[in-house]
Chemist: 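The structure is given below, and queries will be raised subsequently.
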There are 2 protein chains.
Amino acid sequence: MRIGELATRVGLSRDALRFYEQVGILSSDRLANGYRDYPPEAVPWLEYVRTAQALGFSLAEIAEHGEELTEASDQAAALSALFADKVRIIDTRMTELAALRAELTARAGTDCPLRKQPTPVARAGRRSGFPG
Amino acid sequence: MRIGELATRVGLSRDALRFYEQVGILSSDRLANGYRDYPPEAVPWLEYVRTAQALGFSLAEIAEHGEELTEASDQAAALSALFADKVRIIDTRMTELAALRAELTARAGTDCPLRKQPTPVARAGRRSGFPG
DNA sequence: CTAAACAGTGGAGTGCGGTCCAAGGTCAAG
DNA sequence: CTTGACCTTGGACCGCACTCCACTGTTTAG
């Protein structure tokens, strides 16, 4: 598959794919004419990359994981471990969000939700410390 | 309070504070000598900014919210509404994370977790489509 | 009086994750 | 043989959120 087809299949720009190659996330064979050639497996791989990105992994981290994977003797086990790692990261993130949520709901109900927040700006004449 | 004190109090650099002023998140009065002068309320305001950032709001968005706040006739109500908005955003995010988590755990247990993921690279000779 | 610690400005640089562009090569259809 | 779609490269540029720097002014302690 050439770059244009891959790009439309995964919903990325050709530029993005070339960029991914630069940063070590994606590799390609070359056709006789120099065009990049991708195996069908590139599609699920890029879907995986997108998932990882959605989880907050940087492209550098994803590339690292990819290398670990290619070096692992047991691919399936390595990937399972990677997934387990991600699940732990998700759990951490969800916990943080839950804490923030609790804080916000607690304050939203109060008379002055600003106990620890920006004191209401005086009705007239914006004071400093705030956007203005 | 001058910039240095505020910076150490909120754990930001002086440069960051000046940057926040540039982008409309923070304002300051000036002393006779030209030094920035901040009211004590700047501290909780910046804590709020950090919270909002943690929730994934861009500084531009935070600045926007800040303006809405300064323009609101009922400050407390406006902030409560803002908080409620954020709680909804958190909920959405948590739902997304839960979905990803479910997908990952489902796959991590399987024989070949790659049904929709990068097909295992051949043991020898890395194929293209993967990090390489 | 001087040195240090603080403040000001403008502008350049950073890292991330790309996008855009110009100049050119390749290939199939008409 | 030309047109158009596709591909190549390198390099410039973008937005975000800062950070660092040089150079200058102010204040305070010894």
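Chain letters run A, B, ... following the sequence lines, proteins first, then strands; residues in each count from 1. Just so you know, these numbers come straight off a predicted model, no measurement behind them.
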Chemist: On DNA chain D, nearest-nucleotide positions of B:Arg2 versus B:Phe19: which is more 5'?
Modeler: B:Phe19
Chemist: May I have the distance from B:Glu21 (atom CD) to D:dC18 (atom C1'), rounded to whole angstrom?
Modeler: 16 Å
Chemist: Using a 4.0 Å heavy-atom cut-off across all strands, classify A:Arg18 as base, sugar-phosphate, or nothing.
Modeler: base
Chemist: I need the CG-P distance between A:Leu31 and C:dA28, as an integer number of Å.
Modeler: 12 Å
Chemist: Search all heavy atoms of A:Phe57 against all heavy atoms of A:Ile62 and return the closest pair with its distance.
Modeler: CB-CG1, 3.8 Å
Chemist: Any side-chain N or O of B:Ser58 less than 4.0 Å from the OP1 or OP2 oxygen of D:dC16?
Modeler: no
Chemist: Below 3.5 Å, does any donor atom in the side chain of A:Tyr35 face an acceptor in the base of C:dG25, or the other way round?
Modeler: yes
Chemist: Nearest whole Å is fine: how far is C:dG15 P from A:Gln22 CD?
Modeler: 16 Å
Chemist: Which is true for B:Asp15 with a 4.0 Å heavy-atom rule: it touches a base, it touches only sugar-phosphate, or it touches nothing?
Modeler: base
Chemist: Starting at CZ of A:Arg9, measure out to CE of A:Met1 and round the result to the nearest 0.5 Å.
Modeler: 4.0 Å
Chemist: D:dA17 P sits how many Å from B:Phe57 CZ, rounded?
Modeler: 13 Å
Chemist: Could you give the CG-to-P distance, from B:Leu12 to D:dC18, as a whole number of Å?
Modeler: 7 Å
Chemist: Round to a whole Å and report the spacing from CG of B:Leu6 to P of C:dA7.
Modeler: 10 Å
Chemist: Scan B:Ile3 against the nucleic acid and name what it touches under 4.0 Å (heavy atoms): base, sugar-phosphate only, or nothing.
Modeler: sugar-phosphate
Chemist: In whole Å, I'd like the distance from the CZ atom of B:Arg14 to the C1' atom of D:dC21.
Modeler: 13 Å
Chemist: Report the nucleotide, chosen from C:dT9, D:dC7, D:dA17, that has the shortest atom-to-atom distance to any side-chain atom of B:Arg30.
Modeler: C:dT9
Chemist: Using 4.0 Å as the upper bound for N to carboxylate O, is an ion pair formed by A:Arg30 and A:Glu21?
Modeler: yes
Chemist: Is B:Arg88 salt-bridged to B:Asp91, cutoff N-O under 4.0 Å?
Modeler: no
Chemist: Could you state the CG-P distance from A:Asn33 to D:dT9, rounded to the nearest angstrom?
Modeler: 11 Å
Chemist: Within the pair A:Arg36 and D:dT9, is there a side-chain N or O less than 4.0 Å away from OP1 or OP2?
Modeler: yes
Chemist: Identify which nucleotide among C:dT19, D:dT19, C:dG8 has an atom closest to any side-chain atom of B:Ala16, counting heavy atoms from C-beta outward.
Modeler: D:dT19
Chemist: Between B:Val43 and B:Leu59, is there a shared hydrophobic cluster once you connect ILVMFWY residues whose side-chain heavy atoms come closer than 4.5 Å?
Modeler: yes
